[in-house]
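No hydrogens, no waters, no symmetry mates; every other heavy atom, side chains included, goes into these values. Everything numeric here is computed off the predicted structure, so don't read it as measured data. Naming: A, B, ... by sequence-line order, numbering from 1 per chain.
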There are 4 protein chains.
Amino acid sequence: MSDGRVERAAAAREARREQILDAARVVFAARGYHGTGVSELVAACGVARGTFYQYFPSKEAVFHALLDVLLARLGAALVPVDRRPGAAPVSVQLRAIVSGLLAVMDGDRALTRVLFREALASDGAADARMAHFHRDLAAWVRHALALGVADGILRPIDRDVVADCIVGTLRGVIVARIVDAAEPLDVDRVADAVLGYAWEGLSARGA
Amino acid sequence: MSDGRVERAAAAREARREQILDAARVVFAARGYHGTGVSELVAACGVARGTFYQYFPSKEAVFHALLDVLLARLGAALVPVDRRPGAAPVSVQLRAIVSGLLAVMDGDRALTRVLFREALASDGAADARMAHFHRDLAAWVRHALALGVADGILRPIDRDVVADCIVGTLRGVIVARIVDAAEPLDVDRVADAVLGYAWEGLSARGA
Amino acid sequence: MSDGRVERAAAAREARREQILDAARVVFAARGYHGTGVSELVAACGVARGTFYQYFPSKEAVFHALLDVLLARLGAALVPVDRRPGAAPVSVQLRAIVSGLLAVMDGDRALTRVLFREALASDGAADARMAHFHRDLAAWVRHALALGVADGILRPIDRDVVADCIVGTLRGVIVARIVDAAEPLDVDRVADAVLGYAWEGLSARGA
Amino acid sequence: MSDGRVERAAAAREARREQILDAARVVFAARGYHGTGVSELVAACGVARGTFYQYFPSKEAVFHALLDVLLARLGAALVPVDRRPGAAPVSVQLRAIVSGLLAVMDGDRALTRVLFREALASDGAADARMAHFHRDLAAWVRHALALGVADGILRPIDRDVVADCIVGTLRGVIVARIVDAAEPLDVDRVADAVLGYAWEGLSARGA
DNA sequence: TATGAATGAGTGTTCATTCAT
DNA sequence: GATGAATGAACACTCATTCAT
């Protein structure tokens with residue numbers, strides 16, 4: 001088959017691309033997005049400057065490619081609650097979702113660090129994509145709250161503000177347990193604590 | 001009094017300083033810290049480049065001067081809980097503290113935006129100061145939790161993780177209601193929702 | 001007499017001028033001409049920036065004023081040899097002239113240092129004035145050599161080049177004994193050595 | 001050989017480096033070290049600013065690269081006197097050394113001009129390197145004088161001061177015949193005159 | 001396709017001089 | 001006359017991107 005050459009070339013291209021992305025993730029994590037120059041990037045992955053620009057049109061673009069992967073995984077973890085008969089209990093589903101989000105971020109600490117440590121305000125596009133995910137997450141939370149209200153399992157609450165609180169709660173543990181932490185993440189422990197906090201609050205009952 | 005001239009000069013200097021700071025706050029908020037050059041700064045406040053450097057030794061320094069004010073106000077709002085007999089109920093104090101922090105940040109939305117949108121990772125000093133405040137806040141929360149446990153008013157919780165959740169909760173509403181919001185902040189509403197969420201959680205009781 | 005006021009004012013002006021010049025000499029010597037800014041100058045003499053520019057039109061000008069004094073003194077020391085009957089012997093006159101030049105420069109080590117340590121190539125005018133003195137000195141030497149030849153007291157020499165040698169000889173001891181030296185100048189010793197070297201050379205006679 | 005490309009690239013790089021150095025020598029000579037900005041340098045050699053900084057890390061560095069060559073040549077010319085049996089007569093060796101130093105400097109008039117016209121007081125490193133050569137030269141002279149005394153071929157002289165005179169003598173002819181001169185240097189004539197002056201002095205004998 | 005030398009607009013900062021008070 | 005705040009052209013240097021080979 002004469003396609004062999006074409007396929008091999010495509011595979012080589014893909015391998016090169018991955019090589020650049022892998023190196024970039026490491027370097028961005030180590031030096032920050034703003035602190036990383038194209039020089040560092042190409043030095044780290046062992047290709048020439050020009051080659052870099054053959055795979056990515058700009059420094060920003062590499063970053064977006066990394067972001068693609070992470071956001072896709074996060075989006076996949078953020079499934080709607082399944083309320084059909086026979087589905088797992090909501091509490092179990094919520095735990096799975098929280099654990100999933102934490103696990104995805106823990107699985108790419110390098111990029112997670114960059115995203116949470118630099119707001120990239122000067123890179124409009126990356127910022128916009130993060131904001132977009134942030135909105136997705138908030139919408140998911142608001143939707144879940146609406147369902148809970150419909151089911152009568154929630155206290156009467158200020159749903160909009162509380163949605164922000166919940167998103168913040170997640171962000172709080174991500175920053176403290178993944179971004180700023182050296183030790184490995186104990187997903188179960190953290191998910192338990194988060195759900196317990198969000199569901200029961202702090203107060204001892206019956207007072 | 002022959003000091004009139006000296007006084008007027010000092011006042012003029014102070015006014016100039018404020019003029020630069022005010023313009024800087026706006027420009028930093030609009031373009032981000034990294035996206036703002038000295039050129040933009042001086043264009044925005046209508047002084048020459050050299051004049052700028054007569055009042056601040058560097059671009060960084062203007063930013064720190066802005067930070068000074070905000071961090072001082074935040075520090076003042078973050079008072080320890082007063083548990084002496086006759087003091088206001090703890091719940092009232094907590095509400096005052098949360099409201100206070102929100103009000104301070106709402107009072108300087110421009111700078112708050114910069115701080116929450118960029119991690120300033122390349123400005124070591126500013127970053128360190130924010131991290132320092134963050135640590136103060138986390139320490140305050142942990143201390144408050146310890147008191148609550150001692151008083152027997154808290155559920156048994158994973159205090160370390162929950163402290164991260166609480167800090168995140170605050171951050172969540174700040175980002176959503178101040179940083180990303182266009183409309184004015186309803187401090188009372190938000191403080192109520194935050195405290196209700198943190199104290200009671202989401203679940204309807206007694207179920 | 002109503003002129004008192006005018007005179008007093010003129011005296012005050014002159015005093016101010018001297019105050020600036022004295023401070024400038026010290027600062028230039030300590031930090032070099034290029035290393036000295038107007039800020040250092042005005043700080044050292046305790047007047048305001050604007051005041052400085054009322055007395056001297058530029059930083060360069062202060063330097064030239066200092067130069068004036070030194071060059072005037074050097075010019076005065078560089079008297080023509082007196083060959084009229086009854087005049088002191090030429091050797092005595094030469095010694096007096098060499099000693100005179102050395103003494104003048106030793107008397108203003110600060111400025112001498114600046115002049116010999118920085119060539120001020122970027123300050124065209126000061127450089128030109130130094131070059132002018134340099135030419136005067138060379139011309140004086142050439143003239144003296146011509147007289148010596150006429151009197152038959154000189155070896156047959158390449159007068160132009162030897163004139164350069166003699167000027168260089170003087171410069172050599174000035175740099176070594178005044179500019180780069182910490183200890184005081186022993187005018188007599190140096191003048192003796194210079195004249196001995198220039199007159200007799202190094203070789204033991206008659207060998 | 002497949003190395004052709006690599007070799008050609010290395011040669012091109014070297015050529016570019018020389019192009020910058022050559023232009024820099026000319027511009028420094030014309031405008032002085034302090035009077036020359038990177039803008040002038042890049043304009044003179046027809047490369048972009050960035051290109052300049054690919055070859056030299058700073059303006060200072062180009063200057064030092066120029067200095068390297070000149071100081072190496074001067075150091076090579078300043079060989080110790082060879083007093084072993086069979087060596088050339090000392091007078092011949094001295095002449096060769098003086099001629100050598102003059103020829104080296106005449107061979108790079110541009111840089112020699114910069115070095116003698118500016119003290120580079122604000123470029124600590126270049127200044128230190130010149131001072132170092134100056135000390136080497138003075139040490140060489142003092143050593144040569146000590147040998148002459150040991151051989152009994154010198155008059156009794158004040159060796160320290162006379163060493164300064166000799167260094168100055170050389171400097172005198174360099175400044176007059178190379179730095180300030182437009183016409184070509186007649187090395188033989190100048191070397192003869194210098195050695196004659198230093199050895200025999202000015203006086204007609206037998207007086 | 002891979003290369004890396006070349007580019008130049010951009011950066012933060014300085015400082016001799018001016019001028020309103 | 002004295003003041004010192006204001007000025008802005010100039011500085012050395014960086015770095016994301018291009019392009020000839």
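- For the pair B:Phe56 CZ and E:dG12 C1', the interatomic distance rounds to 16 Å; values are reported in whole Å.
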Show me the side-chain donor-acceptor pairs of residues 17-24 of chain B shorter than 3.5 Å, one per line, residues at least two apart or across chains.
from, atom 1, to, atom 2, distance (Å)
B:Gln19, OE1, B:Arg16, NH1, 3.2
B:Gln19, NE2, B:Cys45, O, 2.7
B:Asp22, OD1, B:Arg25, NH2, 3.0

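- Remark: P of F:dT14 and NE2 of B:His34 are 17 Å apart, rounded to the nearest angstrom.
- Here F:dG4 presents its C1' atom at 15 Å from CZ of B:Arg8, a figure rounded to the nearest Å.
- Following rounding to the nearest Å, C:Lys59 (NZ) and E:dT18 (P) show an atom-to-atom distance of 15 Å.
- For A:Glu40, the salt bridge (Lys or Arg N to Asp or Glu O under 4.0 Å) partners at least two apart in sequence or on another chain are A:Arg31.
- With values rounded to the nearest 0.5 angstrom, D:Leu71 atom CG is found 10.0 Å from D:His132 atom NE2.
- Take A:Ser58 and apply the side chain to side chain contact (heavy atoms under 4.5 Å, CB included) test, not counting sequence neighbours, and it matches A:Glu60, A:Ala61.
- As judged by a 4.0 angstrom heavy-atom cut-off over every strand, C:Val38 is placed among the base-contacting residues.
- To the nearest 0.5 Å, atom CE of residue D:Met130 and atom CZ of residue D:Phe133 are 7.5 Å apart.
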> Does the pair B:Tyr55 and B:Val62 meet the rule for a side-chain contact (heavy atoms from CB on, under 4.5 Å), with working shown?
Replying inline: CA-CA 9 Å; B:Tyr55 288 87; B:Val62 211; over 6 Å; no

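- The interatomic distance linking C:Ile20 (CD1) with F:dA2 (C1') rounds to 11 Å, in whole Å.
- Mapping D:Ser39 and A:Gly37 onto DNA chain F by nearest heavy atom places D:Ser39 closer to the 5' end of the strand.
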> If the sugar-phosphate is the primed atoms plus P, OP1 and OP2 and the base is the rest, what is the B/S/- string for nucleotides 4-9 of chain E, using protein heavy atoms under 4.0 Å?
Replying inline: BBBBBB

> Stepwise, does the side-chain contact (heavy atoms from CB on, under 4.5 Å) test hold for B:Phe28 with B:Leu111?
Replying inline: CA-CA 7 Å; B:Phe28 279 139; B:Leu111 186 53; 5.9 Å; no

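- Counting only Watson-Crick and G-U wobble pairs whose two distances sit under 3.5 Å, DNA chain F takes part in these stems of three or more pairs: E:2-21 with F:2-21.
- Taking the salt bridge (Lys or Arg N to Asp or Glu O under 4.0 Å) definition, one finds that A:Arg109 meets it with A:Asp106, sequence neighbours left out.
- Look at A:Tyr53 and you'll find a side-chain N or O under 4.0 angstrom from OP1 or OP2 of F:dT17.
- When all heavy atoms are compared, the tightest approach of B:Leu115 to B:Phe63 is CD2-CZ, 3.9 Å.
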